[in-house]
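A short write-up of the structure that comes next.
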Amino acid sequence: MIYRSFAKVNLHLEVLGLRPDGYHELRTVFQSVDLCDLVHLQIGGSGVRLEVAGQALPDDERNLAHRAATAFLAAWPVVDGVRITLEKNIPLGGGLGGGSSNAATVLQGLRHLLGVQQSTDVRLEELGRALGADVPFFLTGGLALGSGRGDEILPLPDLPEREIWLVTPALEVSTASVFQELRELTADREVSSMGSLVWGEGVDWEMAARGWNDLQPLVMRRFPEVCRVYNALVEAGARTVRLSGSGATWLALFDDAIESSDLPTALPPDCRVFRARTLNRTSLQRLRVVH
Ligand code: C5P
């Protein structure tokens with residue numbers, strides 16, 4: 001079976017402070033987009049065997065997809081082994097959650113393939129959370145609020161699907177290093193229980209445009225080339241230009257549909273540019289299985 005493993009963007013990301021466990025307390029709004037990797041799953045052999053095509057990534061337990069399959073087989077030892085092939089398109093270290101998405105797709109794909117009961121939802125979420133803070137979102141998808149480490153997920157009513165441009169400068173930003181740098185800045189800030197921007201019923205794209213990302217100023221200061229891409233997108237007329245996660249991908253929303261030829265030539269030539277669409281949960285269900 002082949003499954004699509006979709007990327008996400010953060011429409012909003014607030015850092016409320018440092019938690020006793022060393023992670024940061026977040027209020028973030030995730031949105032699924034149609035940029036995706038493909039995950040091939042085949043039952044057979046013994047243990048987990050992983051192949052990666054399209055990007056230079058480890059094919060052992062350093063890869064989150066590998067760890068997800070190991071965790072699944074430990075929880076439901078109904079077969080001896082599984083073979084996974086990842087076809088990678090989502091840029092690495094870009095704030096689009098590619099690795100976490102792959103892990104969630106492996107968990108959901110194995111459940112589907114092996115006919116494990118839907119009532120395993122809670123257990124699957126626990127496995128996901130143990131793999132990484134972004135994984136639980138990918139088990140839900142669509143539009144969702146993430147709190148805690150970003151791993152406590154509350155699905156929000158989906159927004160109408162729309163075009164969204166994703167521009168990834170040619171550099172990888174390490175999430176851990178961005179949070180490390182932020183640590184000193186947030187150490188003395190109190191952790192409150194509510195984000196200051198309230199998302200809930202009645203969120204629309206107008207409201208989404210009023211969100212922000214607390215990591216953005218820090219990443220812009222540290223990487224001038226990331227800053228240049230921001231300026232170019234603003235000049236091209238984008239209404240909203242926002243960093244996704246810890247970057248370095250910019251999401252850009254334009255008022256009208258545009259063509260890639262309308263995008264500024266000032267964008268550095270080594271940027272990757274994706275004309276994507278947001279996905280609601282109904283579309284995710286429909287598109288999840290390739291065949
Ligand atoms: O969850 P993940 O392992 O992808 O996060 C990478 C790193 O980012 C963590 O090890 C941690 O240092 C930092 N992080 C954080 N607060 C969060 C999420 C991640 O400090 N809410």
Side-chain angles (χ1 to χ4, degrees), residues 5-32 37 55 57-58 60-68 70-71 86 88 90-107 124-141 144-154 168 171-197 199 211-219 222-223 242-249:
S5 181
F6 294 102
K8 60 83 178 161
V9 291
N10 299 82
L11 295 177
H12 179 69
L13 196 160
E14 257 177 275
V15 183
L16 300 182
L18 192 60
R19 294 154 47 106
D21 63 4
Y23 274 76
H24 289 82
E25 181 71 19
L26 303 184
R27 291 293 175 277
T28 185
V29 176
F30 294 105
Q31 169 69 63
S32 298
D37 295 333
Q55 273 163 9
L57 273 178
D60 53 22
E61 52 289 332
R62 286 170 296 165
N63 192 306
L64 219 48
H66 194 289
R67 291 215 292 279
T70 304
L86 295 182
K88 297 291 296 179
I90 304 171
L92 296 181
L96 297 171
S100 302
S101 173
N102 295 166
T105 303
V106 166
L107 293 177
L124 217 59
E125 207 186 301
E126 276 169 27
L127 292 186
R129 186 169 291 143
L131 290 163
D134 276 356
V135 179
F137 164 69
F138 288 103
L139 295 170
T140 301
L145 182 71
S147 45
R149 300 182 310 155
D151 57 351
E152 287 161 31
I153 299 300
L154 178 72
T168 310
L171 82 170
E172 276 179 45
V173 176
S174 140
T175 303
S177 75
V178 171
F179 276 110
Q180 176 63 34
E181 200 173 328
L182 193 76
R183 196 158 300 200
E184 293 106 58
L185 302 175
T186 56
D188 55 354
R189 244 207 264 170
E190 218 171 89
V191 177
S192 63
S193 60
M194 280 291 291
S196 43
L197 189 74
W199 290 66
W212 66 86
N213 181 340
D214 278 341
L215 302 176
Q216 186 170 316
L218 194 146
V219 173
R222 213 166 104 186
F223 302 103
R242 188 164 306 141
L243 198 69
S244 182
S246 56
T249 299

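Only this structure's heavy atoms are used, side chains among them; waters, hydrogens and symmetry mates stay out. Numbers here are sequence positions counted from 1. For ligands, and for the atoms within them, numbers begin at 1 and follow the listed sequence.
Ser101 places a side-chain N or O within 3.5 Å of a backbone atom of Phe6 that can act as its donor or acceptor partner. Judged by distance alone, with hydrogens and angles left aside, the side-chain atoms of Thr28 form no donor-acceptor pair with the main-chain N or O of Gly150 at under 3.5 Å. A distance-only check finds a donor-acceptor pair linking the side chain of Asn63 to the backbone of Pro58 [under 3.5 Å]. The backbone N or O of Leu16 sits nowhere less than 3.5 Å from a side-chain atom of Arg27 that would complete a donor-acceptor pair.
Inside a 4.0 Å radius of atom 4 (O) of ligand 1 there is not any protein heavy atom.
The protein non-hydrogen atom at the shortest distance from atom 11 (C) of ligand 1 is Tyr23 CE2, 4.0 Å. Among protein heavy atoms, the minimum distance from atom 6 (C) of ligand 1 is reached at Thr175 CG2, 4.1 Å.
Below 30°, between 30° and 60°, or above 60°: for Phe179 and His24 the angle between ring planes is below 30°, a parallel geometry.
Between Asp134 and ligand 1 there is no heavy-atom distance shorter than 4.0 Å.
Closest non-hydrogen pair, Leu131 versus Arg67, comes out as CD2-CB, 3.7 Å.
In summary, the side chains of Asp37 and Asn102 do present a donor paired with an acceptor at a separation below 3.5 Å, with no hydrogens or angles considered.
For ligand 1 and Leu26, the ligand atoms under 4.0 Å from any heavy atom of the residue are 21 (N). The Ala133 neighbourhood of ligand 1 comprises atoms 1 (O), with distances under 4.0 Å to a heavy atom of that residue.
Contact annotation: for Phe179 versus ligand 1, heavy atoms closer than 4.0 Å belong to the side chain alone.
The heavy atom nearest to atom 21 (N) of ligand 1, out of those in Arg129, His24, Arg183, Glu25, is found in His24.
No N or O atom of Gly150 sits closer than 3.5 Å to an N or O atom of ligand 1.
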